[in-house]
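All chains are named by letter (A, B, ...) in the order of the sequence lines, taking the proteins before the strands, and each is independently numbered beginning at 1. Everything numeric in this text was worked out from a predicted model, so none of it was measured.
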2 protein chains.
Amino acid sequence: MVTAYDVAKRAGVSMGTVSRYITGNGYVGDASRAKIASAIEALGYIPNRAAASLTTKNTGLLGFVVSDLRNPFTAEIASSLSQHARMHGYGLVLSDSMNDPGISLEAIERMRAHGVDGLIVTPPESRSLNDALIAAAPTLPIVGIGLRTTPQVTDLVTSDTRAGAISAVEHLLELGHRRISYVGSSSMASGRYRGYEAALALAGLPTDPELVVVGELNRASGFAALEALLALSDPPTAIFAANDAVALGIIQAAHEHGVSVPGQISVVGYDDVDLAAHSVPPLTTVAQPLAAMGQAAVELLVSRLQGADRHRASEEVVLPVRLVIRGSTASHTQTSPLLRKGIR
Amino acid sequence: MVTAYDVAKRAGVSMGTVSRYITGNGYVGDASRAKIASAIEALGYIPNRAAASLTTKNTGLLGFVVSDLRNPFTAEIASSLSQHARMHGYGLVLSDSMNDPGISLEAIERMRAHGVDGLIVTPPESRSLNDALIAAAPTLPIVGIGLRTTPQVTDLVTSDTRAGAISAVEHLLELGHRRISYVGSSSMASGRYRGYEAALALAGLPTDPELVVVGELNRASGFAALEALLALSDPPTAIFAANDAVALGIIQAAHEHGVSVPGQISVVGYDDVDLAAHSVPPLTTVAQPLAAMGQAAVELLVSRLQGADRHRASEEVVLPVRLVIRGSTASHTQTSPLLRKGIR
DNA sequence: TGCTTAGGTGTAACCGGTTCCACATGGAAC
DNA sequence: GTTCCATGTGGAACCGGTTACACCTAAGCA
């Protein structure tokens, strides 16, 4: 292994000078500079950051504990993190916890042992993990990505869910729809539901409880929701689904019941999963700025690491989302009347 | 920061004893053991691996330089690597090169600076990257995942492409198909094409050059290929596509030309991308054992790191693939005759 | 001319561990 | 009763860097 000592010997200078050359701290004369540069080149010297970290207290590593890397969302965030960490001179240590809090805890401990300078987490909800983050926070800057499930002590990067829901519903309103259904989870406090309500309120419309269908956020539940809505005496002409899985289930149910999308009913999803662009018809949906969220997380972390104000109050960055208009929504004026169908 | 010295002082033993306790090398008496354990517990001590690595020469980190993390394949491999690295006590340093050889080079250098014990790469093809891998190989164990584009000096984990192609074509043969087309890239040396040829030969069938369509490996090219095949005087009753994108393009073209899949023509893809399970009809395809490949890569690397025979010759692990039978293939006896259609 | 100061360099302590060596103890084997 | 060996421990050198400090030179300035 080539060490700084080897470089110093070959360049005919002291280790101190070599170190000053590498770190950029302190003066190095032009003559020494040239000799050191050629010695490094000739020897193929690569500085040992682990050794440097003993003195400097930072390793140039950021940790990323991720809930599930097989989720394309997470993968895109990870890709963005890798890219921006690199641009700021950091390496990225990654651990996929597969939604297991125990693994998350182990990963955090391992990362602390490896001396990561900061931590980024997409949190699985777990009491013990929360406690671990709170315990680590005083000595280790932490940024959460995603929903507000990380403890207050950490910085947070999210996207503006409520505004996304509003833009989805406003899109339907602009197309002339007035009876717009919400299909989502039971958590009425979610930004998606609040945005739905807000958009209707802004348009001076009431929220008809009949049009709000709650269930799990998966395909089967979307399928069932459409059947329930079709059974109403006055069915909706458009549906805002809380995520794409639900929306795709709705579209599938529509197919099977001979209901045309968007001919007879418009559907908007949320998330813009890969499948959304390839469904029939392609799904209009709300896309989260995943790459931007990764970038924001790295920049938040790096600013805390390099700024003088490491102990400033925790921050929250909320990024705007984007409505992606595809083929599952159409103007209400062109919508054929939806025949009342005797389902079940 | 809590150090081993603090632990030693609190436990009333020497640093050496604490170190022996941590590493498990050498004798530690029961009394000392108990005192050290409670001191560690009380202080919340986490050993500093960077410091340890100065002496031991290994950091407990594996590096993973990946071509494109947004590709779900890569993400699944990365997830598997993270999991198995953890199980073997290693952390994973990840860098997404986004198919840029320059970034790969930078990533490798950074990883060497961080002292990774071994490297796993999914190689983008590049001369300079190859040279860098060859240069690093003598001091750093390297495992490649994927095609044979890594230099000979590295270990390699691949899947059995030829066998996969054979099983795909044999599946079609068993369904009674005799005119089976191959739609793929111009590289006739690929395992997929070789498998196609081999399966036909095993069945005593010739390869009809008319049925071999070459083009790029994307959707548009699959679409065009089907149109070309339909224009033949004696069209195939089944198609083996070199990847899923091509197969999905073929299915799309079939839809648009009123040809039923699998009613009139059967289609098999390769790769089992996420979309494959959700196309209409769901695609029969060949799945690579991505998780197993990640596991094999870690185990190959770890065995080289921990085994005495670090300098044994480079190895190649070839894992079996799996035919996933879905709805795009059907028995030839039930296939309706394909009407000759005047396309274009 | 003498004093200050910026530029430039070597020396050595130090970072947080690991491991080699020396040394102790006590029971087993002869 | 020696000798031997397994067990157990402390001390100190060492890993590869960084940086505080001392010291030197030469230029700038009154």
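- Five base pairs at each end of the helix from dT1(C)-dA30(D) to dC30(C)-dG1(D) define two local axes, and these are offset by 40° (rounded to 10°).
- Applying the 3.5 Å distance criterion, the base of dG17(C) shares a donor-acceptor pair with the side chain of Thr55(B).
- Rounded to a whole Å, the CG atom of Asn25(A) is 15 Å from the P atom of dG7(C).
- Using a 4.0 Å cutoff on non-hydrogen atoms, the parts of residues 29-45 of chain A near DNA chain C are Gly29(A), Ser32(A), ordered by number.
- Counting to the nearest Å, the C1' atom of dC14(D) and the CG atom of Leu54(B) are 10 Å from each other.
- Among the heavy atoms of the strands lying under 4.0 Å from Val28(B) are primed sugar atoms or P, OP1, OP2 only; no base atom is included.
- For the pair Tyr5(B) OH and dC14(C) C1', the interatomic distance rounds to 14 Å; values are reported in whole Å.
- The base of dG11(D) lies outside donor-acceptor range of the side chain of Ser14(B), with no N or O pair under 3.5 Å.
- For Val13(A), taking side-chain heavy atoms from C-beta onward, the closest of the listed nucleotides dG17(C), dG10(C), dG17(D) is dG10(C).
- Between Thr56(B) and Arg49(B), the side chains place no donor N or O within less than 3.5 Å of an acceptor N or O (distance only, hydrogens not considered).
- At least one side-chain heavy atom of Ile77(B) sits under 4.5 Å from a side-chain heavy atom of Phe64(B).
- In this structure, a donor-acceptor pair under 3.5 Å is present between the side chains of Arg312(A) and Ser303(A).
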Test log, rule side chain to side chain contact (heavy atoms under 4.5 Å, CB included), inputs Val7(A) and Tyr21(A): CA-CA 11 Å; Val7(A) 172; Tyr21(A) 173 89; over 6 Å; no

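- Judged purely by distance below 3.5 Å, without hydrogens or angles, the side chains of Arg20(A) and Ser32(A) never pair a donor atom with an acceptor atom.
- Closest contact between the side chain of Asn48(B) and the listed nucleotides dT19(C), dG16(C), dT18(D) involves dG16(C).
- Salt-bridge annotation for Asp131(B) and Arg127(B): present, with a side-chain N of the basic residue lying under 4.0 Å from a carboxylate O of the acidic one.
- With DNA chain D read from its 5' end, the first of the two nearest nucleotides for Gly12(B) and Ile46(A) is the one closest to Gly12(B).
- Distances shorter than 4.0 Å separate some side-chain N or O of Lys57(B) from OP1 or OP2 on dG16(D).
- In this structure, Ile22(B) atom CD1 and dG17(C) atom C1' are separated by 10 Å, rounded to whole Å.
- Taking atom CG of residue Asn58(B) and atom C1' of nucleotide dG17(C), one finds them 13 Å apart after rounding to whole Å.
- Atom OH of Tyr21(B) is separated from atom C1' of dT7(D) by 18 Å (rounded to the nearest Å).
- Backbone-only engagement by Thr3(A) is indicated by non-hydrogen atom pairs under 4.0 Å involving sugar-phosphate atoms exclusively.
- Tyr27(B) has its OH atom 15 Å from the C1' atom of dC20(C), to the nearest Å.
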Pair Ile120(A)-Leu81(A), side chain to side chain contact (heavy atoms under 4.5 Å, CB included): steps then yes or no: CA-CA 9 Å; Ile120(A) 299 172; Leu81(A) 289 179; 3.7 Å; yes

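- Scanning atom types as modelled, one donor and one acceptor separated by under 3.5 angstrom connect the side chain of Arg20(A) and the base of dG10(C).
- Note: CE (Met15(A)) to P (dC21(D)) measures 19 Å, nearest angstrom.
- Nearest to the side-chain atoms of Ser19(A) among the listed nucleotides dT19(C), dT18(D), dC15(C) stands dT18(D).
- In terms of the side-chain hydrogen bond (donor to acceptor under 3.5 Å, both in side chains) criterion, residue partners of Gln295(B) (sequence neighbours excluded) are, by chain and number, His84(B), Glu299(B).
- Taking the side chain as every heavy atom from C-beta outward, Asn58(B) and Leu305(B) never approach each other to under 4.5 Å.
- Considering only side-chain atoms of Thr56(A), the nucleotide from dG16(C), dT18(C), dT19(D) that sits closest is dT19(D).
- Side-chain contact check for Thr158(A) versus Val317(A): every heavy-atom pair is 4.5 Å or farther apart.
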